[in-house]
Amino acid sequence: MVRRIISENYVKSRVPKGFNLEAARMVQRRLASMVVTMPLTQSVDLITGIDVAYRGNYAYAVAATYSMRLNHIIEYGCYEGEVTFPYVPTLLSFRELSPMIKAFMRLKERPHVVLIDGHGVAHPYRLGIAAHFGVVMGLPTIGVAKSLLYGEVKESLIIDPSNGEVIGGVVKCGRHEVYVSVGNMITLDNALTLVSRLCLRDRMPEPILHAHTMANKVKHNGCVNALA
DNA sequence: GCGACAG
DNA sequence: ATCTTGTCGC
């Protein structure tokens, strides 16, 4: 059994000087209260995966839209720019939500669901980056992470140690396992089913895998050249 | 008491 | 996440 909680003192020590952590937590709590759990309404075909690569203080974000009907990527959205906030566990949104949104906004077509590299509500304040993105954009989102940030895993389910609630699940993606949680406007069952169905290769579902590969390509050639 | 820590 | 060579396997 895997168990994991976060040290607030550690977080406090890594946050930039002058950053109001208490205010940030209040914002997270408020946005978390806006997360909607509901079954998907329309049938799903277009699924966008988003991932970000880094080089120093520069972020290279890519949104890749995958068609389940056509079995391939139909469109990429890209953004490159400097980031100012450091990586601090539980505050990932403050670092890469903006680059992700900017890459996503460059897509011409709106997807039915968005898959994000990171957690959804499986977060100490119930607002991982996938949930944050989902609430801000008003779209169905799913968090898919390669490692656990918060919670206890019991029988392939992620449990919140503070209240026993189910906040996510574990899915086998090829040889590895990924941690899946609701981002917004979807149910955990829908999320688990969808991610399993998209794990065609290893380690990550197709949309995120393509976003990851392209993000690294963009890191070396730039948005314009990589997507040309 | 110390440490745990998405990308 | 990123810094990095060669090497194992399909």
Side-chain angles (χ1 to χ4, degrees), chain A residues 1-16 21 24-25 28 31-32 35 49-63 79-104 114-134 141-153 158-162 167-171 173-184 191 195 201-205 207-209 211-220:
Chain A
M1 176 180 75
V2 182
R3 174 167 168 279
R4 187 148 292 173
I5 57 177
I6 295 294
S7 162
E8 192 69 352
N9 289 321
Y10 175 80
V11 170
K12 202 168 298 182
S13 73
R14 302 218 37 194
V15 145
L21 181 56
R25 294 312 191 192
Q28 290 183 315
L31 291 177
V35 167
I50 306 181
D51 194 18
V52 183
Y54 291 94
R55 182 165 55 200
N57 294 319
Y58 270 81
Y60 305 85
V62 169
Y79 170 81
E80 49 190 323
E82 191 169 13
V83 291
T84 56
F85 203 84
Y87 166 71
V88 182
T90 73
L91 295 174
L92 179 61
S93 298
F94 289 79
R95 178 172 172 79
E96 53 180 58
L97 179 61
S98 178
M100 280 186 175
I101 289 178
K102 286 170 179 168
F104 180 81
V114 179
L115 261 52
I116 291 180
D117 192 337
H119 292 285
V121 298
H123 177 281
Y125 290 82
R126 287 217 185 301
L127 194 80
I129 192 163
H132 199 148
F133 183 99
T141 61
I142 299 172
V144 185
K146 293 179 287 299
S147 65
L148 193 62
L149 169 70
Y150 174 77
E152 298 179 11
V153 174
I158 305 173
I159 309 299
D160 187 332
S162 70
I167 54 177
V170 183
V171 168
C173 218
R175 168 168 67 99
H176 296 68
E177 288 185 326
V178 290
Y179 300 87
V180 177
S181 56
V182 168
N184 190 37
V195 170
R201 305 184 212 178
D202 201 22
R203 193 164 193 77
M204 274 284 146
I208 292 183
L209 205 51
H212 183 83
T213 301
M214 186 54 77
N216 281 301
K217 208 168 174 181
V218 167
K219 182 166 78 170
H220 293 296

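Labels below follow one simple rule: chain letters A, B, ... track the order of the sequence lines, proteins then strands, and each chain is numbered from 1.
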Separation of atom CG in L149(A) from atom C1' in dG3(B), rounded to whole Å
15 Å

Considering the options H176(A), M204(A), E177(A), which one meets the side chain to side chain contact (heavy atoms under 4.5 Å, CB included) requirement together with K146(A)?
M204(A)

Given dA1(C), is OP1 or OP2 found less than 4.0 Å from the side-chain N or O atoms of K219(A)?
no

In this structure, how many angstroms lie between the P atom of dG7(B) and the NE2 atom of H123(A), rounded?
13 Å

Please say which of L97(A), L92(A), L91(A) ends up in a side chain to side chain contact (heavy atoms under 4.5 Å, CB included) with F85(A).
L91(A)

I need the CG-P distance between L21(A) and dC5(B), as an integer number of Å.
19 Å

Y54(A) near the nucleic acid: base, sugar-phosphate alone, or nothing, with a heavy-atom cut-off under 4.0 Å?
sugar-phosphate

Measuring to OP1 and OP2 of dG7(B), would you say a side-chain N or O of S147(A) lies under 4.0 angstrom away?
yes

Parallel, tilted or perpendicular, as decided by the 30° and 60° cut-offs, for the rings of H119(A) and Y179(A)
tilted

Considering every strand and a 4.0 Å limit on heavy-atom distances, what is the contact class for L127(A): base, sugar-phosphate, or nothing?
nothing

Distance in angstrom units between E8(A) CD and dA4(B) P, rounded
16 Å

Rounded to whole angstroms, how far apart are CG on L91(A) and P on dA1(C)?
19 Å

Output the rounded distance in Å from CD1 (I208(A)) to C1' (dA6(B)).
12 Å

Can you see if the side chain of K146(A) gets near the phosphate of dG7(B) - specifically, an N or O under 4.0 Å from OP1 or OP2?
yes

Please report, rounded to the nearest Å, how far the P atom of dA6(B) is from the CD atom of Q28(A).
15 Å

Ring centres within less than 5.5 Å and planes less than 30° apart: is that true of Y10(A) and dG3(B) in this structure?
no

Ring center gap for F104(A) and F133(A) short of 6.0 angstrom
yes

Quick one: label A53(A) by what it contacts on the DNA or RNA (base, sugar-phosphate, nothing), any heavy atom closer than 4.0 Å.
sugar-phosphate

Do R25(A) and E8(A) sit within salt-bridge range, that is, some charged N less than 4.0 Å from a carboxylate O?
yes

How long is the line joining CG of N216(A) and C1' of dG7(B), in whole Å?
13 Å

Using the side-chain heavy atoms of P89(A), tell me which of these nucleotides is nearest: dA6(B), dG7(B), dC5(B).
dC5(B)

